[in-house]
> 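The structure that follows is given in the form of structure tokens.
What you see is a predicted model; the values in this text were computed from it and never measured. Letters go in sequence order (proteins before strands), and every chain restarts at 1.
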Amino acid sequence: MNKSELIEHLSETLNLPQREATAICNTILERMTEALSDGDSIEIRGFGSFVIKKYEAYEGRNPKTGKKITVQPKKLPFFKVGKELREKVNND
Amino acid sequence: MTLTKADLIQQVYKNHNTLTKAQAIESVEAFLRISKESLIDGSDLLLSGFGKFHVKQKNARRGRNPQTGDELTLDARRVVTFKPSGILRDKINGTS
């Protein structure tokens with residue numbers, strides 16, 4: 001399922017115009033993005049949680065050329081599926 | 001700080017002044033329910049600009065209890081993985 005299909009479902013479920021459902025979907029995703037950008041974690045019961053992991057700079061290699069390069073410090077989001085969803089995904 | 005469902009409801013309520021509080025709650029609940037149903041059906045969830053939730057089939061394998069060293073069989077199962085989109089990664093790293 002992609003975002004436009006999700007919006008379509010949302011619009012039907014809430015009985016709201018597609019334009020409104022799109023805006024709501026964007027509000028939710030933008031708020032989540034903002035939290036992660038601030039380095040905050042997200043915890044949604046029954047769905048899962050996101051945490052930001054920080055990586056220091058390290059020396060890596062370009063796997064194609066073998067050339068040494070310095071990988072800049074970076075942050076990445078990690079998702080851990082919640083108990084309810086994990087069990088349902090597995091049992092269905 | 002941790003963002004919760006209550007925070008998402010609050011944001012929806014604040015941004016969409018045509019919605020009642022009950023509708024804001026239902027909006028967030030419906031968003032999560034639809035997302036979960038997709039994954040429970042075994043269908044990946046692609047949210048452009050945010051990331052992709054993938055349902056991965058894992059085969060049964062023999063493993064060990066790391067504490068006791070006992071051998072055991074891990075059954076085949078389905079797990080959910082998340083891959084952040086490039087846009088999300090850039091925002092998190094402040095490069096966009």
> Report which part of B/Val55 has an atom under 4.5 Å of a heavy atom belonging to chain A: side chain, backbone, both, or neither.
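Looking at B/Val55, just its side chain touches chain A.
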
> Relative to chain B, which segment of A/Ala23 carries a heavy atom at a distance below 4.5 Å: side chain, backbone, both, or neither?
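Answer is both: backbone and side chain atoms of A/Ala23 are under 4.5 Å from chain B.
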
> Only heavy atoms, only distances under 4.5 angstrom. Which residues in residues 43-54 of chain B are near chain A?
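Residues in range: B/Ser43, B/Asp44, B/Leu45, B/Leu46, B/Leu47, B/Ser48, B/Phe50, B/Phe53.
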
> Check each atom of B/Leu39 against the heavy atoms of chain A and say whether the ones under 4.5 Å are side chain, backbone, both or neither.
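Its backbone and side chain both get close to chain A.
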
> Tell me which of these, B/Asn15, B/Thr2, B/Thr18, B/Leu88, has more heavy-atom pairs under 4.5 Å with chain A than the rest.
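If we count pairs closer than 4.5 Å to chain A, B/Thr2 comes out on top.
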
> If only atom types and distance count, is the side chain of B/Arg78 paired as donor or acceptor with the main-chain N or O of A/Asn90 below 3.5 Å?
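The answer is no, because no donor-acceptor pair under 3.5 Å joins these two groups.
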
> With rounding to the nearest 0.5 Å, note down the distance linking CZ in A/Arg31 to CD in B/Gln10.
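A/Arg31 CZ to B/Gln10 CD: 10.5 Å, rounded to 0.5 Å.
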
> Looking at A/Glu56, I want to see if its CD is surrounded by more than 12 non-hydrogen atoms of other residues, nucleotides or ligands under 6.0 Å.
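12 or below, so no.
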
> Strictly less than 4.5 Å between heavy atoms, which residues of residues 4-20 of chain A line up against chain B? Please order them by number.
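The residues closer than 4.5 Å to chain B, in numerical order, are A/Leu6, A/His9, A/Leu10, A/Thr13, A/Leu14, A/Leu16, A/Glu20.
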
> Would you indicate whether B/Tyr13, at its atom OH, is surrounded by more than 12 heavy atoms from other residues, nucleotides or ligands within a distance under 6.0 Å?
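Check fails, neighbour count at 12 or below.
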
> Do the charged groups of B/Lys5 and A/Glu43 touch, with an N to O distance under 4.0 Å?
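Looking at B/Lys5 and A/Glu43, the cut-off is not met.
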
> Write down the atom of A/Thr27, the atom of B/His16, and the distance for their closest heavy-atom approach.
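For A/Thr27 versus B/His16, the nearest heavy atoms are OG1-NE2, 2.7 Å.
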
> Look up atom CD1 in A/Ile42 and atom CG in B/Leu8, then write down how far apart they are to the nearest 0.5 Å.
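So the gap between those two atoms works out to 7.5 Å.
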
> Is any side-chain heavy atom of A/Leu36 closer than 4.5 Å to one of B/Leu3?
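With C-beta onward as the side chain, the pair stays apart.
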
> Heavy-atom pairs under 4.5 Å with chain A are the metric here; pick the option from B/Ile92, B/Thr4, B/Asp75 that has the most.
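Maximum pair count with chain A is reached by B/Ile92.
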
> Within the 4.5 Å heavy-atom criterion, are A/Glu34 and B/Lys91 side-chain neighbours or not?
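Not touching, per the 4.5 Å side-chain cut-off.
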
> Under 4.5 Å, counting heavy-atom pairs only, tell me which of A/Val81, A/Leu29, A/Ile52 racks up the most with chain B.
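Greatest number of close heavy-atom pairs with chain B: A/Leu29.
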
> Assigning hydrophobic clusters by single linkage (Ile, Leu, Val, Met, Phe, Trp, Tyr; side-chain heavy-atom cutoff under 4.5 Å), is A/Val51 placed with B/Val80?
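Cluster IDs for A/Val51 and B/Val80 differ.
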
> Heavy atoms, side chains only, cut-off 4.5 Å: are B/Val12 and A/Ile28 in contact?
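Yes, their side chains come closer than 4.5 Å.
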
> When you look at NZ of B/Lys21, are more than 12 heavy atoms from neighbouring residues, nucleotides or ligands closer to it than 6.0 Å?
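Buried by this count: over 12 neighbours within 6.0 Å.
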
> On a heavy-atom basis, which atom in B/Arg89 and which in A/Leu76 lie closest, and how many Å separate them?
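Looks like CD-CD2, 3.4 Å.
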
> Using non-hydrogen atoms and a limit below 4.5 Å, what part of residues 61-70 of chain B faces chain A?
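Under the 4.5 Å heavy-atom cut-off, nothing qualifies.
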
> Pick one of side chain, backbone, both or neither for A/Glu84, based on which atoms fall under 4.5 Å of a heavy atom in chain B.
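The answer is the side chain of A/Glu84.
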
> Within the structure provided, determine whether B/Ile40 and A/Leu85 are in side-chain contact (heavy-atom separation under 4.5 Å).
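The answer is yes, as the side chains (C-beta and beyond) meet within the 4.5 Å cut-off.
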
> Would you please indicate yes or no on a ring centroid separation below 6.0 angstrom for A/Phe78 and B/Phe82?
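No.
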
> Look at A/Ile44, A/Ile24, A/Thr33 and state which one has the largest set of heavy-atom pairs under 4.5 Å with chain B.
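Most heavy-atom pairs under 4.5 Å with chain B: A/Ile24.
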
> With a 4.5 Å heavy-atom cut-off (strictly below), which parts of residues 28-35 of chain B touch chain A? List them by number.
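At a heavy-atom separation under 4.5 Å, chain A is reached by B/Val28, B/Ala30, B/Phe31, B/Leu32, B/Arg33, B/Ile34, B/Ser35.
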
> Tell me, for B/Leu19 versus chain A, whether the close heavy atoms (under 4.5 Å) come from the side chain, the backbone, both or neither.
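For B/Leu19, side-chain heavy atoms alone lie under 4.5 Å from chain A.
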
